Amino acid sequence: MPADLQSGGASITLRGLTKHYGDAVAVAGIDLEARPGEFLTFLGPSGSGKTTTLNMIAGFIDVTAGELLIDGQAVHSLPPHKRDIGMVFQQYALFPHMTVAENVAYPLKQRKVEKGERGRLVTAALAAVGLDGYDARRPSELSGGQQQRVALARAIVYSPQVLLMDEPLGALDRKLRDTLQLEIKRIHAELGTTFVYVTHDQEEALALSDRIAVFNAGRIEQVGTAEELYDAPETVFCAQFLGESTLLQGTARPDGGATLVEGPGVRVHAGRGHHSAGAAAVVVRPERITLVPATDDAPAGNAVRGRVTEDVYLGNGRKLQIELPDGSAGTVRETAAARSACRSGDEVWLTFSADDAVVLPDDGASAPTAPVAAGAAA
Amino acid sequence: MSAPTVTDGATRASVPAAPRKPKRRVGRGLLWAFSALVAFWLVAPALVVIPLSFTDKQSLAFPPTGWSTRWYENFFSDPTWAASLWSSIQVGLLTTVVATVVGTAAALGLARLGPRGQTLARGALMAPIIVPVIVVAVGTYALFLRFRLLGTLPGFVAAHTVLALPFVIIPVSASLAGLDRRLQDAAAICGANRWAVLRQITLPLVAPGILSGALFAFVTSFDEVVISLFIQSPYLRTLPVQMYGSITRDTDPTIAAAATMILVITTSLVVVASAVALRRIKHAR
Amino acid sequence: MSVSASPPLPAAAAPPPGRTRRGLRNGSLFLPAAVLLAAFFLAPLAVMVVRAFTDPQTGLQNFSWFFGDAVQVDVLIRTFRTALIVTVVCALLAYPYAYLMTVVGPLGLAVLTLLVLVPFWTSLMVRTFAWVILLQDTGVVNDVLGFFGLGPVQLIRTTTGVVIGMSQILLPFMVMPLYAVMRGIDRRLLQASSGLGAKPLTTFVKVWLPLSLPGLAAGALMVFISSLGFYVTPALLGSPDTALVSQQIFTQVNGLLEWGRGGAMGVIVLVMTLVLLAVSAGALRLLGGQRPEGRA
């Protein structure tokens with residue numbers, strides 16, 4: 001990547017950022033900081049406020065209350081064209097009446113960049129996205145993936161310090177998404193620009209991000225690295241939205257160094273989490289659970305009774321659905337090397353270490369029927 | 001506006017997919033025959049006017065028995081006819097410019113309103129189509145009399161522009177509706193201010209709609225009679241007004257020559273406008 | 001913005017969150033159109049209304065003159081009757097035509113559409129002139145009638161002539177909404193009806209006709225309203241004896257300089273138009289159809 005396109009990223013600070021539409025609250029006071037050069041992803045279901053927040057950063061939507069700072073400068077009153085931000089849209093948003101080169105040159109023209117310099121930068125940007133030689137084409141002559149590359153070139157050609165991406169791969173098929181994910185990651189590494197990336201696809205978020213902000217109902221549930229979010233979810237929503245989990249509900253009280261959670265058919269110790277009194281949910285990730293046939297005696301340590309309802313062979317292992325004592329469903333994954341003998345219909349013990357159990361306040365957001373973990377990482 | 005283009009041959013549709021029912025075939029045949037009569041009735045006027053303009057006699061008898069172009073020569077050598085054509089072209093072009101600019105701006109404003117405001121504003125802007133022209137004409141006459149606008153170019157242009165506005169707003173609004181709003185956002189984030197977005201992105205992309213609006217505006221002005229009858233003066237009289245006077249006074253085929261020229265001008269403009277509008281729709285897909 | 005002076009905490013210096021950016025300049029976009037409409041459409045209407053009530057004196061004398069004068073009432077009735085006949089003629093001619101448009105192939109549709117659209121945009125003046133030629137006492141229509149041993153019939157300077165001309169000119173207003181609605185009718189309903197054993201006529205009356213009614217209503221409204229205010233065609237194809245309201249308005253204002261009386265008649269036409277529009281809008285909403293659209 002030529003040095004011309006490198007930018008050095010800016011920080012983005014949201015303070016109490018709020019958006020109301022009449023009585024409806026789209027974004028309910030968000031505090032967040034994107035560090036310079038960071039790849040930050042807004043992850044959440046549709047309607048969670050992530051796109052609205054992105055559009056407020058871009059300046060397409062007015063802020064109802066709160067502040068928005070880029071590199072310490074308040075920008076929430078500036079129109080989009082004065083914010084010096086780059087953006088890639090889901091539906092590419094290429095100008096259909098211009099060639100590829102004209103599209104990429106467009107932001108340079110607005111900045112009155114001299115013609116020779118402009119040509120050099122356009123060539124560099126197109127090379128950076130792997131589209132050398134496509135200058136004279138029209139957007140309508142390109143495939144979806146190529147169009148998105150042009151859009152990316154147009155967004156980086158003027159070296160903005162911040163690049164926003166609104167589900168840029170949402171309109172592409174799976175294979176293309178994987179390829180472009182790698183390219184986006186490479187370009188981010190080479191440019192040093194701060195990326196803010198919106199997606200509802202958790203795999204994409206995990207693959208790309210330095211940190212992920214999980215959005216739900218207009219708020220941020222948690223911000224952290226992929227590992228933090230997976231291993232130490234702070235809310236039940238996070239635990240369920242990002243990856244699979246088994247949820248055990250009950251009442252918490254301190255017990256020695258750990259927390260004891262007791263509910264119907266549940267009596268477990270959780271070694272992690274910051275909640276030690278009142279309604280609680282214990283979260284355990286599927287690969288942390290070991291199944292023991294119920295014919296055996298109750299094992300020592302954490303053990304919960306359940307019945308295998310489904311048993312899916314995945315080649316490199318198995319995925320089992322377990323009906324828990326309260327009727328809710330739990331998920332267990334076994335690697336091929338550590339397969340148990342349990343099959344569909346078997347009564348089992350779910351055993352796990354207290355260190356793998358995270359206790360969280362049970363805010364009622366987790367109806368037993370709502371495990372959202374769709375196509376979790378295979 | 002759904003102007004047609006011919007895509008494939010054969011009027012095979014007249015042979016419907018039910019040959020087992022001869023009764024239905026007869027019905028379809030009757031339907032075609034009836035519609036052909038209606039169609040003939042629709043185009044009959046044009047079929048009369050054009051041959052009549054080439055008659056060699058000083059009478060409006062139809063069909064003509066001999067041919068000449070003398071009535072065209074007469075049209076251009078007669079100062080009143082020639083002047084009225086020139087007036088119509090002047091008024092038409094100025095109306096086109098004003099109505100296109102004002103109507104396009106209004107269509108842009110409409111596109112930014114919420115659904116409620118849009119219904120309201122659209123209703124107001126379309127009102128000149130609904131209200132009987134004679135009613136507007138009388139009021140305009142009174143007003144122009146008072147402000148000495150009778151028989152003036154600005155007066156004609158203003159009166160015609162109001163009538164032409166809806167015919168600009170309709171196609172431009174249709175074009176805008178087909179425009180991806182994100183393109184304007186994309187341009188803005190690239191650093192274009194509102195004016196640059198309008199000039200470099202929005203207007204080029206809705207240009208076909210604006211072009212058909214402009215053509216319809218010209219045709220509207222070029223054809224307008226009722227208001228023009230009221231606000232004319234001996235110094236400024238448009239071609240349709242001159243024709244109106246001529247029909248009631250003379251029996252001179254020059255009027256047929258005038259009518260033929262109007263026919264040719266407006267029809268070709270409308271065909272172009274429709275073709276442009278249609279190409280835009282196809283292009284958008 | 002004075003932010004750069006205090007880099008670490010510019011919060012205090014930041015202006016309040018932006019006003020609605022998009023809302024700001026709509027006004028200026030509408031302004032020229034609004035001014036033009038106000039000056040050359042609303043103001044004329046207002047002047048006419050004011051004249052109707054104040055010329056020569058303030059009061060209702062112009063209206064009592066109109067409704068008290070048998071001639072004027074006759075004109076009003078004739079105007080309504082003519083508009084009604086024109087509407088019925090247009091409906092009868094346009095309905096089969098529009099139906100044919102929905103069943104033909106692309107080429108047929110193209111031709112049929114063109115045949116409606118081109119006359120629609122052909123100068124009113126030219127078409128009226130053509131009808132003057134066609135309908136004159138020694139005109140083509142009488143020649144044809146004579147060939148069949150009929151006539152001659154006086155057509156020009158009669159209400160019949162006016163109806164023929166006006167129907168031809170207004171037919172596209174009926175065809176277009178009818179076609180728009182008929183095109184949207186789900187043909188499977190017809191198949192379902194005949195599949196259930198209904199005779200074609202029953203299917204037409206019970207299924208097709210009600211579904212196409214919104215188009216018929218919209219077209220009828222457009223034709224009727226346009227007929228009420230028609231001037232050029234009745235003036236040239238009719239005679240003073242067959243005058244319609246618009247001709248009377250012209251005579252009163254342009255000929256007799258009776259501004260108040262002309263204005264009063266204008267107000268009457270305007271009110272009738274608006275009442276018709278309001279009533280039909282309500283009726284159409286009840287029917288669940290679309291609202292009538294303008295041309296195009």
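This structure is a prediction, so every number in the text was calculated from the model and none was measured. Throughout, a chain's letter reflects where its sequence line sits, starting with A, and its residues are numbered from 1.
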Given heavy-atom pairs under 4.5 angstrom as the criterion, report whether the side chain, backbone, both or neither of [X] touches chain B.
X       : value
N103(A) : neither
L94(A)  : backbone
D84(A)  : neither

Heavy-atom side-chain proximity of T18(A) to H20(A) below 4.5 angstrom: yes
Student check: side-chain heavy atoms of T193(A) and H188(A) closer than 4.5 Å: no
Charged N-O contact under 4.0 Å between D210(A) and K185(A): no
R177(A) with D201(A): basic N within carboxylate O range, under 4.0 Å: yes
L131(A) side, atom CG; L142(A) side, atom CG - distance, nearest 0.5 Å: 7.0 Å
Residues 33-53 of chain A: residues contacting chain B (heavy atom under 4.5 Å, by number): none
Inter-chain contacts: residues 109-119 of chain A against chain B, heavy atoms under 4.5 Å: Q110(A), R111(A)
Y158(A), OH atom: more than 12 neighbouring heavy atoms under 6.0 Å: yes
Contact leader toward chain B among M98(A), R83(A), Q90(A), R154(A), where contacts are heavy-atom pairs under 4.5 Å: R154(A)
For L179(B) against T202(B), the heavy-atom pair lying closest together: CD2-CG2, 3.9 Å
Just list the side-chain donor-acceptor pairs under 3.5 Å for residues 203-211 of chain B, sequence neighbours left out, or say none.
none

Residues forming a ring-ring contact (aromatic ring centres under 6.0 Å, His included) with F95(A), sequence neighbours excluded: Y106(A)
Whether H160(B) and F156(B) hold their rings parallel, tilted or perpendicular, with breakpoints at 30° and 60°: perpendicular
E67(A) and H76(A): side chain donor to acceptor below 3.5 Å: no
